[in-house]
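Written out below as structure tokens is the structure these notes cover.
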Protein chains: 2
Amino acid sequence: MDANPILAETIRGNWVENRHRGAYVVVDASGKIIAQAGDIERAIFPRSAIKSMQALPIFAREAEGKFHHSDEELALACASHHGEEAHVATASGLLARLGLSAADLECGAHLPTNPAAREALRAQGAEPSPLHNNCSGKHAGMLSVALAMGVPTSGYVGREHQVQQEVRAAVETVIGETLSEDRCGTDGCSIPTYAAPLRAFALGFARMSTGEGLPPNLARAAHRLFDAATKHPHLVAGTGHADTLIMGAFAGRVMQKIGAEGVQCGAIRDKGWGYALKCDDGHMAASQAMLAGLLIKIADPDAAQSRVLEQFARQPIKSVRGAQVGELVSRV
Amino acid sequence: MDANPILAETIRGNWVENRHRGAYVVVDASGKIIAQAGDIERAIFPRSAIKSMQALPIFAREAEGKFHHSDEELALACASHHGEEAHVATASGLLARLGLSAADLECGAHLPTNPAAREALRAQGAEPSPLHNNCSGKHAGMLSVALAMGVPTSGYVGREHQVQQEVRAAVETVIGETLSEDRCGTDGCSIPTYAAPLRAFALGFARMSTGEGLPPNLARAAHRLFDAATKHPHLVAGTGHADTLIMGAFAGRVMQKIGAEGVQCGAIRDKGWGYALKCDDGHMAASQAMLAGLLIKIADPDAAQSRVLEQFARQPIKSVRGAQVGELVSRV
């Protein structure tokens, strides 16, 4: 297997300290490749980067027709949120309307990603609940699908459960690939994750962005989800996070979503392009540097958007005393 | 530049998620190569992996003759410690004997690496002091060198300060390379770090282990430091850490030290071999997997030592709910 190219490096003083390899691809909805680097046919786990695809059954199975998900709830279904007040409130609001509670979430509990939210919880002497789990919005959405389908909610995270079968079918339709048990794992939040070629995820985002190549109901659902996510970028990640800042700066033009272990997926909506990027070694900050470098190249940023991207394309490395001693830089 | 080989991978379910590349080399004190992979001439920042070399001026400048460093203080000078009670007490004990205090440390303050120590500090509502900095033992040792040399202690972390000049000269002697301003950075604890070929650091550890190729005073100093570190492995890292567990299991046969950003250096003392390893992307857990894989190959572990190494050569990856969903595995 050939090595992917170096797409980010850390420099300490005047010498390279770390090298991060990876691959990326930008395609339009017809599959035409706009830009690429590395092995774009290698199957990667998309992890949370495709939560917007995993949310499609909310529409396909008419949970939305029944429970009238708000834009905020749809944005949170696409989110890896930081457990801030708005995130927790939005997730628990949907659960209450479903007649369910945090106890029905099967994602597990972890401390909020947001440091202030984490400290607030600690100060209260409270334990984190599944509502603080960055995936609670996605899981609340999946519970709404189970109710709409009239199937048991319990065990909805299982590979064989009808909800996960629906999710799998929706992802297959959107990316144009059959997902296989031969390259399947379990995500941090206990649902299945299937590896597929990097190129296919980029194509899926191009299709969701344009509706081209999708059945009309999925095209409408995708449009609604991308609108909701880009209208509420704070709900999709959290205070200070790259996804939130980038989507905020691009004001609807860019849909952007991280996935664990160095995955970045999204769409330049006005161009109808989808993109997917994976840092081979799973380094999140390096993958954000790569992503920012890519968007600087392909997304025609204005001055304000460039400033946001630059802070991720060149990230300072500091000593314990706070002096800048190096930087993590995109080589895209 | 050719890519280094993949030396560790993470597997999720049944598919590879991340790939970590790197290089390693094992040499004897004559420079004869025992084992190698990847580009062993590439200059890498050794970071904290060579604290035992940076501690040599304690002897060369006769600070030890004046202040009678205990074995515990010498072990802590070689340490990236976890800020546990014994670490803090040992560092402050030496400072008191020097007539100095935590205020003289220029490493900066960070929360203890050890989770229980961190929680204890939080529970007291106390801020971390420079004593909790993982480098406080090294810095206390450097302060003792400044006093023994009769030079100002203030500014001892600076590249031009006599203490750092002494440290640089000792490292150059031990590794047999000239350190250059052309490949120099600042470490997290504010002292200079110089990049040099991976092979040279392995050679330095072989020389320190055997004394061969070193002036007699440095040979004696190296022997005393390695004895101190391997006799007090808890002081060199902390509870549950790979270095502490590995040195404990090998009971003096192996000197082992991590450096930030995926560096591992050490010596198989009874064989007279030094080794150095760098994970290209700086991933610490992956570098520990690589190191464990290497020691399984070269260090003739008995059953108990193998059990310790295996827990780092194959590290479980768990979901938020605690189920094992994958593993990080050595490919050395």
Side-chain angles (χ1 to χ4, degrees), chain A residues 1-6 8 10-21 42-45 47 106-110 122 130 133-135 157 180-190 192-195 260-262 278-283 286 317-326, chain B residues 1-6 8 10-21 42-45 47 106-110 122 130 133-135 157 180-190 192-195 260-262 278-283 286 317-326:
Chain A
M1 187 173 59
D2 282 351
N4 279 329
I6 293 168
T10 60
I11 315 292
R12 181 172 295 270
N14 54 19
W15 197 251
V16 174
E17 182 156 41
N18 294 328
R19 294 166 175 85
H20 300 281
R21 295 173 182 272
R42 186 190 292 172
I44 62 114
F45 283 119
R47 308 291 302 274
E106 298 180 0
C107 47
H110 65 70
R122 272 214 185 89
N133 186 310
N134 75 88
C135 301
V157 297
S180 163
E181 300 292 325
D182 295 338
R183 42 195 203 194
C184 182
T186 301
D187 213 318
C189 70
S190 298
T193 179
Y194 296 90
E261 304 300 333
K278 162 77 180 164
C279 173
D280 288 356
D281 58 60
H283 196 286
I317 295 171
K318 297 190 173 175
S319 71
V320 172
R321 276 162 42 175
Q324 184 170 343
V325 294
Chain B
M1 187 174 59
D2 282 350
N4 280 329
I6 293 168
T10 59
I11 315 292
R12 181 172 296 269
N14 53 21
W15 196 251
V16 174
E17 182 156 40
N18 294 328
R19 292 165 176 84
H20 301 280
R21 294 174 183 272
R42 187 190 291 171
I44 63 116
F45 282 119
R47 308 289 303 273
E106 299 181 0
C107 48
H110 65 70
R122 273 213 185 88
N133 186 310
N134 74 89
C135 302
V157 297
S180 164
E181 299 292 325
D182 295 339
R183 42 194 203 194
C184 182
T186 301
D187 213 319
C189 69
S190 299
T193 179
Y194 296 89
E261 304 299 333
K278 161 78 179 164
C279 173
D280 287 356
D281 58 60
H283 196 287
I317 296 170
K318 297 190 173 176
S319 72
V320 172
R321 275 162 43 176
Q324 183 170 344
V325 295

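Below, read A as the first sequence line, B as the second, and so on, with proteins coming before strands; counting in each chain starts at 1.
Summarising the geometry of A/A3 relative to B/A3, their closest heavy-atom pair is CB-CB, 3.5 Å, with the distance given to 0.1 Å. Considering every non-hydrogen atom in both A/S319 and B/G188, the closest pair reads CB-O, 3.4 Å.
Counting heavy-atom pairs under 4.5 Å between each of B/D281, B/V320, B/V325 and chain A puts B/D281 at the top. Contact count against chain A (heavy-atom pairs under 4.5 Å) is highest for B/T186 among B/I317, B/T186, B/I11. Note: B/C184 leads B/G282, B/G185, B/G322, B/C184 in heavy-atom pairs under 4.5 Å with chain A. No other option in A/A8, A/A286, A/S190, A/G326 has as many heavy-atom pairs under 4.5 Å with chain B as A/S190. Heavy-atom pairs under 4.5 Å with chain A peak, among B/D280, B/T193, B/V16, at B/D280.
Rounding to the nearest 0.5 angstrom, the gap separating the CZ atom in B/R21 from the CG atom in A/N4 is 8.0 Å. Note that CZ of B/R12 and CD of A/E261 are 6.5 Å apart. Values are rounded to the nearest 0.5 Å. B/I44 contributes atom CD1, which lies 11.5 Å from atom CH2 of A/W15 (distance to the nearest 0.5 angstrom).
Residues B/V157 and A/R321 are in side-chain contact: their nearest non-hydrogen atoms beyond the backbone lie under 4.5 Å apart.
Both the backbone and the side chain of B/A43 come within contact range of chain A, judged by heavy atoms closer than 4.5 Å. Proximity to chain A is limited to the side chain of B/K278, based on heavy atoms less than 4.5 angstrom apart. Residue B/T10 does not touch chain A at all, counting heavy-atom pairs closer than 4.5 Å. Interface remark: B/C135 contributes no atoms to any contact with chain A (heavy atom separation under 4.5 Å).
When atom types are taken as modelled, the side chain of A/N14 and the backbone of B/E181 share a donor-acceptor pair closer than 3.5 angstrom. Judged purely by atom type and a 3.5 angstrom limit, B/N18 has no side-chain atom pairing as donor or acceptor with the backbone of A/H283.
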